[in-house]
Amino acid sequence: MTHVVGGAPGSDAGAGGRWENLQRRWQGRARRWAEPEVVAASIMMAAVAVAGGAVSGSAVVVVLLSVVALSLHLAAVESGDLNLIWAATGLFVGFAVVVGSDLGDLSPVGWTVAGLSALAYNELVRLSHARRRQAEIDDGVYGHVGAGFALVVAVTVAAVVLAQTSASTGSGGRAWWWMPLISVVLLVTAVVLAVLPGWGATKPRPQAPWQPGERLPPPPLRRSRSDRM
Amino acid sequence: MSRPDNDGPPPGPMPPPRADTIAPAMEEQAGGRSSRPTGHLTHRFWYCAVFGFGCAAISLAGRSLEPLAVGAPFLAVLLLSFIDGWWEPVRLRSSISALRVVEGDELQLNLELSVDHPVRWVEVEVQFPATLAPLGPSRFVASIRQTRHFTVDLQALRWGSVGPEWVIITTRDRFGISELVSRHPLDHPVRVHPPSERLARLVSLHQQRPVTGEHRSRRLGHGSELAEVRPYRYGDPIRMIHPRLSGRRQTPMVVERHPDESSDVVLLIDSAQDLGVDLDTTLRWTVMAATALSERHLRAQDRVGLIDVGRGVRWLPPRLGRRHLHTIVDALLATEVNPRRGADRNFAVPTNLPRSATVVAITPLLAESVLNALVELRGRGHEVLVIKPTIAFPADIDLLARRVFRVGNELNERWLGERGILVIPWSTGNSLEHLLQRVLVNLGRVRVRA
């Protein structure tokens, strides 16, 4: 019964059938998987999974690992769930490290490339998820994110090269320890400085009672967990 | 199509309003308890921190550089995001291109966002009620240097008093580590009118007021409409003698005319229930008919009042004039079914209706309280006409239910008819003009019966 009694003005309740809804959903899914970020991330994950599996030399392992990796990737992209995205990133790191170890003697350069490629994968999934709810994304945003990634690459490479140089020239080859220690101290200090002022202050609670006609805050708009990215 | 404009100052003033609309100035969305921004670190921060610091810890524990090399990009992200700046606030100004539109019309919501320091990632999301649909995206991700303009094209789907509800602005650094969320309520009420129906005819009135209007009186007197030509009788004013006719007939002839009079009309609308799907609902047709009737009768110098008998009573006493038309239309557009009120219970109909008022009720005749109110008004001596909007049954209603519904309606109409209340069914696809013609034809019979 499609009678609307006392409500749902303008709603499209009853409009279209189940088949149309399914079609609409699949069209949206196809559009999402055709986006350049998703395509790039999928290729990255597939390549690293196949390469990681190939290290074992068994076709079964290759297929098995590829299926696991792509399933996790699919779940991460479809759901936008942060836990899944970071689980996929972790798997990506694992594969990258395995591939790196197979290719060479697993020098710090190989580890760095593994970390950076995992971050690149994570950024691509993040960008793809920014398109949710038919968002219009400015080209400048891609530029800023790309520039940010370039900065990360530069800083990481510089830090690793510096650490490697210190390790090779320092006393007993252990002079690079200062690097993680300093980074930890710096970051903890920065976070504490940024977050601390907000912790102490008590948030002013609205004292005035609700007045008839006053607007209430909006309900959550189908916010997925990744909206809090 | 929704579009963000480029950075920098806008190319000119805000888009000019259409000729038939009034565009308000841009409003600063500030203050209010709900617009207080909340800043926090995202889950991304914690993942990067755990991964980066975990790698650093493993590196220190294992006394090897390699784990740190994997975690270094994630630590670099944290460091660079902090340098990039966290929690930059954004100011919002907004305006809407039209305050009054007709169903199906398009209008624009203009948003102006400004920042003190450049923000690399700003998400703007506008929330609308179901009766106002964005024609393009209503969610944008952009970067802002100083000022940025966004235009969201909208379409008014359904009559009523609507408006965009909220703008949710989320600013992030370019790495997505920090987040500042602010929710801005938008106060741009838009009156969406149903498609207007033009009427040439008026509801015929039972008792006129001695004020000049467009209704033709049954009496004879001064007016514009010719009633009859007759020979001069003793006592007639000399000025009534028609010279040409008298010259032609060789005897004094007099022209009689109908005086033009006006009266009071009280429109009674029933918002107790709304039947139908999408735009084809009884309440929509009720509002359309009431708007057209009030407009036409006010133009004819009739005083028009309004009673909204939903679950409770809204009462606008009869008045004249253009201002009153706006009041009535605004009241009609704000009509809605209020499901929070109690069950179908009787209510007190205002007792200060003018005695000469004709009550024109527009109701699907389903609520018992409305039926009782109509009978009560008739009992007070008012002439009561009922226009009953009827809509087609949806296909999924079975035959038995349709029959029961029809029988119930038939009984109600008969019950009202026995009490001297004329019920005219109105198939909502038909013109209202056509309906009024039927009202005029049937009115005389009912008056005689009553």
Side-chain angles (χ1 to χ4, degrees), chain A residues 1-12 14-15 82 86 93 97 106 108 111-112 114-116 119 126 130 133-138 140-141 144-145 148 151-152 155-156 159-160 163-164 167 174 176-177 179-181 183-184 186-187 190 194-195 198 206 215-218 221 228-229, chain B residues 2 4 33-34 39 41-44 47 53 56 59-60 63 65-80 82 86 120-121 123 125 127 130-131 137 139-143 157-158 160 165-166 168 174-176 179 183 185 273-278 281 337 339 394 396-397:
Chain A
M1 176 141 168
T2 48
H3 261 207
V4 178
V5 178
S11 71
D12 58 354
L82 278 164
W86 282 90
V93 171
V97 168
L106 206 59
W111 287 84
T112 310
L116 283 172
L119 184 66
R126 175 169 79 105
R133 293 202 288 277
Q134 291 85 42
E136 201 170 85
I137 303 183
D138 210 5
V141 172
H144 286 302
V145 172
L151 270 173
V152 169
V155 168
T156 308
V160 171
Q164 184 72 19
R174 293 287 178 264
W176 57 270
W177 284 9
M179 184 71 76
L181 280 176
S183 64
V184 168
L186 268 179
L187 275 168
V195 176
R215 306 279 289 278
L216 294 171
L221 185 73
R228 296 168 293 178
M229 254 177 143
Chain B
S2 311
R33 64 180 72 168
S34 52
L41 295 168
T42 60
H43 283 57
R44 199 173 163 77
Y47 278 112
F53 289 133
S59 187
L60 281 172
R63 301 194 170 188
L65 182 60
E66 285 75 14
L68 179 63
V70 178
F74 297 91
L75 293 175
V77 162
L78 294 183
L79 192 66
L80 289 171
F82 182 72
W86 287 353
R120 318 289 184 204
W121 185 300
E123 282 183 20
E125 182 157 5
Q127 292 185 3
T131 49
R139 188 169 168 274
F140 306 97
V141 182
S143 53
L157 294 180
R158 184 183 177 273
E165 291 175 338
W166 296 89
I168 302 174
R174 71 173 91 196
F175 301 100
E179 188 177 76
R183 295 173 170 83
Q273 278 165 321
D274 187 14
L275 294 186
V277 181
D278 289 340
T281 66
V337 176
D396 58 348
I397 294 185

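Residue numbers start from 1 in every chain, and the chains themselves are labelled A, B, ... in the order their sequence lines are given, proteins ahead of strands.
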_With heavy-atom distances below 4.5 Å as the criterion, would you say the side chains of A:D138 and B:F140 are in contact?_
no
* Does any N or O in the side chain of B:R139 come within less than 3.5 Å of the main-chain N or O of A:A130, such that one atom is a donor and the other an acceptor? -> yes
Geometric cation-pi criterion, A:R126 with B:W121: 6.0 Å, 45°:
yes
- Task: Could you check whether the rings of B:Y47 and B:H43 sit parallel, tilted or perpendicular, using 30° and 60° as the cut-offs?
- Result: tilted
Under 4.5 Å to a heavy atom of chain A? For B:L80 that would be side chain
Most heavy-atom pairs under 4.5 Å with chain B, out of A:V145, A:V93, A:L119, A:L151, belong to A:L119
Honestly, the part of B:F175 sitting under 4.5 Å from a heavy atom of chain A is both
Applying a strict 4.5 Å limit to non-hydrogen atoms, the region of A:V152 in contact with chain B is both
